[in-house]
Enquirer: 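Dropping a structure here in structure tokens format, bear with me for questions.
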There are 2 protein chains.
Amino acid sequence: MIDSIQARVAAAHAATGPKYQILRDAILGAITSGEAIPGMRLPTEAELSKLLPYSLGTIQKAYGQLVQDGVVVRSRGRGSFIAPIQRQMAEPRHCRFLGDDGTILPVYPHLVGHQQVRTERRWTELFGSGVKVARIDRVISINHEFEVFSRFFAPQAITRKLLNRARNDAESANFKLIMLRELGMPITRIVQTIVRTDDNPKKQLGWRPHLVLEATAYTGEGEVAYFQEIYIPPVDRKLLFDSDLRL
Amino acid sequence: MIDSIQARVAAAHAATGPKYQILRDAILGAITSGEAIPGMRLPTEAELSKLLPYSLGTIQKAYGQLVQDGVVVRSRGRGSFIAPIQRQMAEPRHCRFLGDDGTILPVYPHLVGHQQVRTERRWTELFGSGVKVARIDRVISINHEFEVFSRFFAPQAITRKLLNRARNDAESANFKLIMLRELGMPITRIVQTIVRTDDNPKKQLGWRPHLVLEATAYTGEGEVAYFQEIYIPPVDRKLLFDSDLRL
DNA sequence: AGCGATTTGTACGTATGTATG
DNA sequence: CCATACATACGTACAAATCGC
């Protein structure tokens, strides 16, 4: 645990940016890699300041950021701990429907295709010019009650990683977590819109969509990480939106 | 400006809590009172540390919090400024519809009533037991195109302040901002749900609602600040959800 | 209940880096 | 190039909460 953090900090010796960010990312890396699991105790400030070439204030700032992000909880006299996972999630932040008891219904994604998309103004505006954009189409069953259709757009570098991952993880994947782990891209903001529609992008679905959910995810630097369209049939389930993007 | 901050800090000499919070509230107070307006330059760290019995680090922490809350923007070599209001908003974070050009449509709220609500399990669970809860009903015209109906629930202490404010501000109010400024309650998380409905809470509206948007707002401490139901007729406008809660 | 040891929270003072004008 | 002002970093000190003895 502590040596994992130490190793990550050492590996980042050439990294740009402030020390507290390097340390923050190192701890985050230990968490997302699975070496550190929720509830586990993290090294104390004093320990880290002895082991790392960082002062107490720097370590405090790093921990402060992690508390801010909700990844770590701290308490005086006890120590610093990895925050418990308040919501289990196989899916990203979109398309979470609630059951009668208020719990999030399980989702069962099924990959139906992927391809590179033509470079259009629409994508260059989002992802920048010269970036190859690919699309991943999925049909997602919600609790085996009904299905939604999802179109996911992102730079090809990202979709490739996601597709690799998806095959291993039975086609389910938390995009936000993968992006953080594999690409070091924290998603810090998601803007979504909901609108009524009569369009049907997938005739063979056998139903006409009722609502279209569009989501644009941004990284900490304000870059667009991905764009997603989700077609939702007329159902009576509550659809959840949470401003809290913590993992 | 600077003397206003100084006065507020002096007035808070007996206040409990850390100094950086006292300073944060003092600056926030100067903004609230109108002495400091968006775009205005705030005192530098050095200035404050000379005028106040606070060290540089304490002042930096206070400013850091305000940046975090989106109330202040800072830049190296230039200074600290009161954040511009980037999105003009007479309304809180809910019920923002987009026009054809992607801009947020103006909203025109109209107060139609307010009253204390019976203490039910539903409210004690949200706000705690022994808290008197009141309801504010409003009809909100969106760009004079259509109307939505809003029911806002919060502890009476809050609704009272909002009602006072609403009368002054022509019945328009940014709840989040008022709560931050008047009550020192930063809203840090909003959880929303959308669901189809056939209920009509207000027969006299002349339309049947199509969607119900429910929003629960939480303070930094995890307390529920308010709960809101918004009844939306069938319209073709995009409804916006943004995870970024900055003002 | 009391007393230390541990650990985070707050605060101070100082120094240096870096973007702005 | 220089002054200004924020950003980062270091080291220290003490307060407050927690835990074990």
Side-chain angles (χ1 to χ4, degrees), chain A residues 1-2 5 9-10 12-27 36 39-83 220-222, chain B residues 1-2 5 9-10 12-27 36 39-84 220-221:
Chain A
M1 167 77 243
I2 184 160
I5 294 172
V9 167
H13 61 84
T16 75
K19 294 186 179 182
Y20 68 84
Q21 287 232 7
I22 293 175
L23 178 52
R24 169 187 173 278
D25 291 343
I27 298 173
M40 195 175 279
R41 193 167 195 275
L42 288 162
T44 70
E45 299 172 357
E47 248 177 312
L48 283 180
S49 71
K50 248 182 296 186
L51 266 133
L52 303 174
Y54 298 162
S55 76
L56 207 62
T58 303
I59 287 155
Q60 285 176 334
K61 191 155 185 175
Y63 268 134
Q65 300 256 307
L66 292 166
V67 169
Q68 175 66 35
D69 292 342
V71 180
V72 166
V73 292
R74 321 185 70 198
S75 96
R76 259 204 277 245
R78 298 204 318 127
S80 305
F81 303 85
I82 297 171
E221 284 80 31
Chain B
M1 166 78 243
I2 183 160
I5 294 172
V9 168
H13 60 85
T16 76
K19 292 187 179 182
Y20 68 84
Q21 287 233 7
I22 293 174
L23 177 53
R24 168 188 174 278
D25 291 343
I27 297 173
M40 193 175 279
R41 194 165 194 277
L42 287 162
T44 69
E45 300 172 356
E47 250 177 311
L48 283 180
S49 71
K50 246 182 298 186
L51 267 133
L52 303 174
Y54 297 162
S55 77
L56 205 62
T58 304
I59 288 154
Q60 285 176 336
K61 192 153 185 177
Y63 268 133
Q65 300 256 309
L66 292 165
V67 169
Q68 174 66 36
D69 291 340
V71 180
V72 166
V73 291
R74 321 186 69 196
S75 98
R76 263 203 278 246
R78 298 203 319 127
S80 306
F81 304 85
I82 297 172
E221 284 81 31

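Keep in mind that what you see is a predicted model, and the values were worked out from it rather than measured. To find a chain, count down the sequence lines: A is the first, B the second, and so on, and within it residues start at 1.
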Enquirer: Counting C-beta onward and ignoring hydrogens, is there a side-chain heavy-atom pair between A/Y54 and A/L48 closer than 4.5 Å?
Expert: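 Result no, sub-4.5 Å side-chain heavy-atom pair not found.
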Enquirer: Check whether any side-chain heavy atom of A/L23 sits under 4.5 Å from a side-chain heavy atom of A/T58, and report yes or no.
Expert: no
Enquirer: Rounded at 0.5 Å granularity, tell me how far CD in B/Q65 sits from CD in B/Q21.
Expert: 6.0 Å
Enquirer: Would A/K61 and A/Y20 count as a cation-pi pair here, with the cationic atom under 6.0 angstrom from the ring centre and within 45° of the axis?
Expert: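 Yes, A/K61 sits over the ring of A/Y20.
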Enquirer: Return the value, rounded to whole Å, for the distance between atom CG of B/L48 and atom P of D/dA5.
Expert: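 Rounded to whole Å, this separation is 12 Å.
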Enquirer: Give me, pair by pair, the N or O atoms of the protein and of nucleotides 6-9 of chain D that are less than 3.5 Å apart, along with how far apart they are.
Expert:
unit_1: D/dC6; atom_1: OP1; unit_2: B/S80; atom_2: N; d: 3.4
unit_1: D/dC6; atom_1: OP1; unit_2: B/S80; atom_2: OG; d: 3.1
unit_1: D/dC6; atom_1: OP2; unit_2: B/E45; atom_2: N; d: 3.0
unit_1: D/dC6; atom_1: O5'; unit_2: B/R74; atom_2: NH2; d: 3.4
unit_1: D/dA7; atom_1: OP2; unit_2: B/R74; atom_2: NH1; d: 2.9
unit_1: D/dA7; atom_1: O4'; unit_2: B/R76; atom_2: NH1; d: 2.9
unit_1: D/dT8; atom_1: OP1; unit_2: A/Y20; atom_2: OH; d: 3.1
unit_1: D/dT8; atom_1: OP2; unit_2: A/Y20; atom_2: OH; d: 3.3
unit_1: D/dT8; atom_1: O4; unit_2: B/Q60; atom_2: NE2; d: 3.4
unit_1: D/dA9; atom_1: OP1; unit_2: A/K19; atom_2: N; d: 2.3
unit_1: D/dA9; atom_1: OP2; unit_2: A/K19; atom_2: N; d: 3.3
unit_1: D/dA9; atom_1: OP2; unit_2: A/Y20; atom_2: N; d: 3.4

Enquirer: If you take all heavy atoms of A/A36 and A/I82, which pair is closest and at what distance?
Expert: CB-CD1, 3.1 Å
Enquirer: Between A/R24 and A/G64 (side chain of the first, backbone of the second, donor and acceptor by atom type, cut-off under 3.5 Å), is there such a pair?
Expert: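 Between the backbone of A/G64 and the side chain of A/R24 there is no qualifying donor-acceptor contact (under 3.5 Å).
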Enquirer: Just to verify, what does B/Q60 make a side-chain hydrogen bond (donor to acceptor under 3.5 Å, both in side chains) with, not counting sequence neighbours?
Expert: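 side-chain hydrogen bond (donor to acceptor under 3.5 Å, both in side chains) check on B/Q60 returns B/E45.
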Enquirer: Under 4.0 Å from any heavy atom of chain A: name the first and the last nucleotide of DNA chain C that qualifies, 5' to 3'.
Expert: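 Using the under 4.0 Å cut-off, the span is C/dT6 to C/dT10.
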Enquirer: Please answer whether the main-chain N or O of A/T44 pairs with a side-chain N or O of A/E47 as donor and acceptor at a distance below 3.5 Å.
Expert: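 Yes, A/E47 side chain to A/T44 backbone: donor-acceptor pair under 3.5 Å.
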Enquirer: How long is the line joining CD1 of A/I59 and C1' of D/dC10, in whole Å?
Expert: 11 Å
